[in-house]
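Here the structure is laid out as structure tokens; the discussion comes afterwards.
The structure displayed is predicted, hence computed values, not measured ones.
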Amino acid sequence: MTKSAQTLFWEGEFGTEYAKRCDFDPAMRCNFWKKILELANDAKSVCELGANIGINLKAMNMLKSGLELYGVEANKTACDKMAQADYIKAIHTPIQEFTPDRKFNLVFTCGVLIHINPNDLPEIYKKMYEWSDEYILINEYFNPKPVAIEYRGNTDRLFKRDFAAEFMEANKGKVKLVDYGFLWNKAEPAWDNTTWFLMKKC
């Protein structure tokens, strides 16, 4: 499988430096994950796609013991850092090449689909639906129409769109919206003005 320029970008030095910038206290994200775990209170297995060093999974572990936590990450340095938490099963692979042998109660992305080559999104939407046996969470930058934004001096590395609407259209009649919201960085400094959508399989 030929890797996209975006995947190679995140596997390389930029992705490694990003992992260093994002190493902060997971407790800063507990407010959000407390809400999600209350909404999806029967979830016992969780898979994050593009997990970086596992901040979200670490926050979830703080809130609910006994969760089966899986993190998929393309950058080896970030994945190795995530693997230091022995309660996370860290999987070093791009999302496009991930082939799990099981399903998960909750499959989610946080600030990852925005960096995926748009041509790869339809297949990822399909796989996210297939890999989940109950809930899907998408937490990304939102824009009603697809746009490309310059990202730290790089072009074609950050894309905004209505990912949740596209996901629901791709899986029309098979998922329903549970809840959604906005993570304003003035109130939630661990987030960067992202919009989240929790969906459940029908």
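- The structure places CG of Asn75 at 4.0 Å from OG1 of Thr16, a figure rounded to the nearest 0.5 Å.
- Atom CD1 of Ile116 is separated from atom CZ of Arg157 by 12.0 Å, given to the nearest 0.5 angstrom.
- Grouping the Ile, Leu, Val, Met, Phe, Trp and Tyr side chains by contacts below 4.5 angstrom, directly or via other members, places Met82 apart from Phe14.
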Can I get a per-line list of side-chain donor-acceptor pairs under 3.5 Å for residues 176-200, giving both atom names and the distance, sequence neighbours left out?
from	atom 1	to	atom 2	distance (Å)
Asp192	OD2	Tyr141	OH	2.3
Asn193	OD1	Asn185	N	2.9
Thr194	OG1	Asn139	OD1	2.8

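- Taking the six-membered ring where tryptophan is involved, the planes of His115 and Tyr18 are perpendicular, since the angle between them exceeds 60° and thus also 30°.
- Within the structure, salt bridge (charged side-chain N to carboxylate O under 4.0 Å, His left out) contacts touching residues 5-16 (residues at least two apart or in different chains) are Lys3-Glu11.
- With hydrophobic clusters built from ILVMFWY side chains whose heavy atoms lie under 4.5 angstrom apart, Leu67 does not share a cluster with Trp131.
- Other residues, nucleotides and ligands contribute at most 12 non-hydrogen atoms within 6.0 Å of the NZ atom of Lys76.
- We find the OG1-NZ distance between Thr99 and Lys127 to be 8.0 Å, quoted to the nearest 0.5 Å.
- The hydrophobic cluster containing Met62, built from Ile/Leu/Val/Met/Phe/Trp/Tyr side-chain heavy atoms closer than 4.5 Å, comprises no other residue.
- Shortest non-hydrogen contact noted between Cys79 and Glu73 is N-CG, 3.9 Å.
- Hydrophobic clustering, with ILVMFWY side chains joined whenever heavy atoms are under 4.5 angstrom apart, groups Val72 together with Trp10.
- Distance alone, capped at 3.5 Å, is enough to place a donor-acceptor pair between the Gln6 side chain and the Asp156 backbone.
- The nearest pair of heavy atoms linking Lys201 to Tyr129 is NZ-O, 3.0 Å.
- By the neighbour-count criterion of 12 heavy atoms within 6.0 Å, atom NZ of Lys64 is densely surrounded, having more than that number from other residues, nucleotides or ligands.
- Asp80 places no side-chain N or O within 3.5 Å of a backbone atom of Thr77 that could act as its donor or acceptor partner.
- Leu113 is connected to Phe167 through a chain of hydrophobic side-chain contacts under 4.5 Å among Ile, Leu, Val, Met, Phe, Trp and Tyr, so both are in one cluster.
- The distance from atom OH of Tyr125 to atom CD of Glu169, rounded to the nearest 0.5 Å, is 11.5 Å.
- Of all non-hydrogen atoms in Phe163 and Phe159, the two that sit nearest each other are CZ-O, 3.6 Å.
- Residue pairs meeting the ring-ring contact (aromatic ring centres under 6.0 Å, His included) criterion with at least one partner in residues 53-88, sequence neighbours excluded, are Tyr70-Phe104.
- The pair Lys145-Asp162 does not count as a salt bridge, with every side-chain nitrogen at least 4.0 angstrom from each carboxylate oxygen.
- Closest approach of Lys160 and Leu158 over heavy atoms only: CG-CD2, 4.1 Å.
- For the atom pair OG1 of Thr7 and CD1 of Ile95, the computed distance is 8.5 Å after rounding to the nearest 0.5 Å.
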Atom pairs and distances, donor-acceptor, side-chain atoms in residues 36-60, under 3.5 Å, two or more places apart:
from	atom 1	to	atom 2	distance (Å)
Glu38	OE2	Lys34	NZ	2.7
Asp42	OD1	Tyr135	OH	3.2
Ser45	OG	Arg102	NH2	3.3
Ser45	OG	Asn105	N	2.9
Ser45	OG	Asn105	OD1	3.3
Glu48	OE2	Asn56	ND2	2.9
Asn56	OD1	Arg29	NH1	3.0
Asn56	OD1	Trp33	NE1	3.1
Lys58	NZ	Ile53	O	3.2

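- Residues passing the side chain to side chain donor-acceptor pair (under 3.5 Å) test with Lys20, sequence neighbours excluded: Glu17.
- Distance check, rounded to the nearest 0.5 Å: CG of Asn61 to CD1 of Ile88 gives 7.0 Å.
- Counting all heavy atoms, side chain and backbone alike, Glu140 lies closest to Val112 at OE1-N, 2.9 Å.
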**Q.** Evaluation steps, side chain to side chain contact (heavy atoms under 4.5 Å, CB included), between Leu137 and Thr109
**A.** CA-CA 7 Å; Leu137 173 73; Thr109 66; over 6 Å; no
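- With hydrogens and angles disregarded, a donor-acceptor distance shorter than 3.5 Å links the side chain of Asn154 to the backbone of Arg152.
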